[in-house]
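The chain is numbered in sequence order, starting from 1.
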Amino acid sequence: MTVVVIATHSPKWESAGKALAADLQAALGPTALRVEHIGSTSIPGMDAKPIFDLQVSVRDLDTAEQPLSAVLPELGFSDTTYFHDHVPAGYGDAPDAWRKRLWMRRDSVHPDVNLHIRQAGSPGERFALLFRDWFRAHPAAVPAYVEFKRSLATIVADSATYTEVKNPVVDLVIVMAEEWARRTGWRP
């Protein structure tokens, strides 16, 4: 059982996330089309689990698996059994449209990282960027989301339950974010 800890936002997260993304981009070479800092630590003012979420966009998940498997363990990452993202309510997509690979790094030397490998142009890649960019464009929404996350962390027993309970709220955020994307012409 992993207790969920929500840390107070650190202004250092932005530069640390950018540095982690740049280091990974260099290490992964042409296999990684892009490496981006996503998730709550990428959003100014957002309290978060002290774990950096990074997204690696690749041309094809299957083709990228071998080159990534050759490099990521050397960087301290371990493969996981996560093969799909949560499909948001109302999307109606087949789960295979939301395929991904998740690698994690948890050691005492480097910052903790969840490394999401997603196919460029996939709904999961877009979702992660839209979530980040919507909150960046709507800082007034950050305190309410932080309060929800802090409250949830006090009543759930582990991080898996935390994620499952949080998913419908993230789905609500995405409804608003999709409308904002349509209205503003936002693109990943």
Side-chain angles (χ1 to χ4, degrees), residues 2 16-43 48-49 51-107 109-136 158-171 173-175 177-178 181-182 186-188:
T2 305
K18 284 181 182 177
L20 287 165
D23 290 348
L24 271 169
Q25 184 74 61
L28 298 176
T31 301
L33 300 176
R34 290 178 303 284
V35 180
E36 298 195 55
H37 182 201
I38 60 169
S40 291
T41 59
S42 72
I43 299 166
K49 293 181 289 181
I51 301 168
F52 289 91
D53 284 288
L54 299 177
Q55 176 169 266
V56 177
S57 298
V58 297
R59 278 184 182 71
D60 178 77
L61 279 174
D62 297 325
T63 304
E65 192 160 341
Q66 192 282 326
L68 293 174
S69 295
V71 175
L72 291 174
E74 294 175 10
L75 301 174
F77 287 91
S78 299
D79 200 356
T80 71
T81 58
Y82 292 95
F83 299 107
H84 292 91
D85 281 313
H86 158 79
V87 179
Y91 270 53
D93 294 338
D96 279 352
W98 292 77
R99 287 179 58 219
K100 78 169 185 180
R101 297 295 311 186
L102 178 66
W103 290 69
M104 295 178 156
R105 182 171 67 192
R106 305 287 191 275
D107 62 34
V109 178
H110 304 96
D112 288 349
V113 174
N114 291 335
L115 187 61
H116 307 265
I117 316 294
R118 295 183 174 110
Q119 190 162 312
S122 70
E125 179 202 37
R126 182 182 186 283
F127 182 96
L129 298 172
L130 178 58
F131 180 86
R132 177 196 68 192
D133 292 353
W134 184 84
F135 268 114
R136 285 178 174 176
D158 58 73
S159 59
T161 304
Y162 174 85
T163 299
E164 286 301 312
V165 173
K166 189 176 72 159
N167 279 341
V169 174
V170 172
D171 294 354
V173 170
I174 285 300
V175 168
E178 289 288 5
R182 281 189 293 278
W186 176 92
R187 297 218 185 284

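- Between L75 and L24, some side-chain heavy-atom pair lies under the 4.5 Å cut-off.
- T41 places none of its side-chain heavy atoms less than 4.5 Å from the side chain of K49.
- Q25 places a side-chain N or O within donor-acceptor distance of the main-chain N or O of V35, the cut-off being under 3.5 Å.
- Between the side chain of E164 and the main chain of A160, no donor-acceptor pair closer than 3.5 Å is present.
- Nearest heavy-atom pair, L61 versus Q119, reported as atom, atom and distance to 0.1 Å: N-OE1, 3.5 Å.
- Taking the side chain as every heavy atom from C-beta outward, D53 and R132 never approach each other to under 4.5 Å.
- Inter-residue side-chain proximity for E36 and L129 is flagged as met; some heavy-atom pair is nearer than 4.5 Å.
- Put simply, CG on D112 and CG on D107 are 7.5 Å apart, with the number rounded to the nearest 0.5 Å.
- Put simply, the side chain of R105 never gets that close to the backbone of L72: no donor and acceptor are under 3.5 Å apart.
- Residues V87 and P95 come closest through the heavy atom pair CG2-CA, 4.2 Å.
- Contact record, A48 with S40: CB-CB, 3.5 Å, taken as the closest heavy-atom pair.
- Aromatic ring orientation, F127 versus F131: parallel (interplanar angle below 30°, classes split at 30° and 60°).
- Summarising the geometry, atom CD1 belonging to I174 is positioned 4.5 Å from atom CG belonging to L130; distances are rounded to the nearest 0.5 Å.
- Note: L115 CG to R101 CZ = 11.0 Å, rounded to the nearest 0.5 Å.
- Counting heavy-atom neighbours within 6.0 Å of R187 CZ, excluding the residue itself, gives a total of 12 or less.
- Below 30°, between 30° and 60°, or above 60°: for H37 and F52 the angle between ring planes is between 30° and 60°, a tilted geometry.
- In this structure, R106 places its CZ atom where more than 12 heavy-atom neighbours from other residues, nucleotides or ligands lie under 6.0 Å away.
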Exercise. Give the C-alpha distance, both sets of side-chain angles, the deciding distance and a yes or no for side-chain contact (heavy atoms from CB on, under 4.5 Å) between E178 and R126.
Key: CA-CA 11 Å; E178 289 288 5; R126 182 182 186 283; 2.8 Å; yes

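- With a 4.5 Å cut-off on side-chain heavy atoms, E65 and I117 do not count as touching.
- With hydrogens and angles disregarded, no donor-acceptor distance shorter than 3.5 Å links the side chain of R99 to the backbone of D85.
- Once rounded to the nearest 0.5 Å, the distance linking CG of D23 with CG of L28 reads 10.5 Å.
- Minimum interatomic distance between L20 and L54 (heavy atoms only, all atoms of both residues): CB-CD1, 3.8 Å.
- Annotation for Y82: atom OH does not count as buried by contact number, only 12 or fewer foreign heavy atoms lying within 6.0 Å.
- Nearest heavy-atom pair across Q55 and G124 is OE1-O, 3.9 Å.
- Taking every heavy atom of both residues into account, A89 and H86 meet most closely at N-NE2, 4.4 Å.
- Using a 4.5 Å heavy-atom threshold, the side chains of W103 and P73 count as touching.
- Residue L102 holds its CG atom at 10.0 Å from CZ of F77, rounded to the nearest 0.5 Å.
- Taken to the nearest 0.5 Å, the CD1 atom of I51 stands 5.5 Å off from the CG atom of N114.
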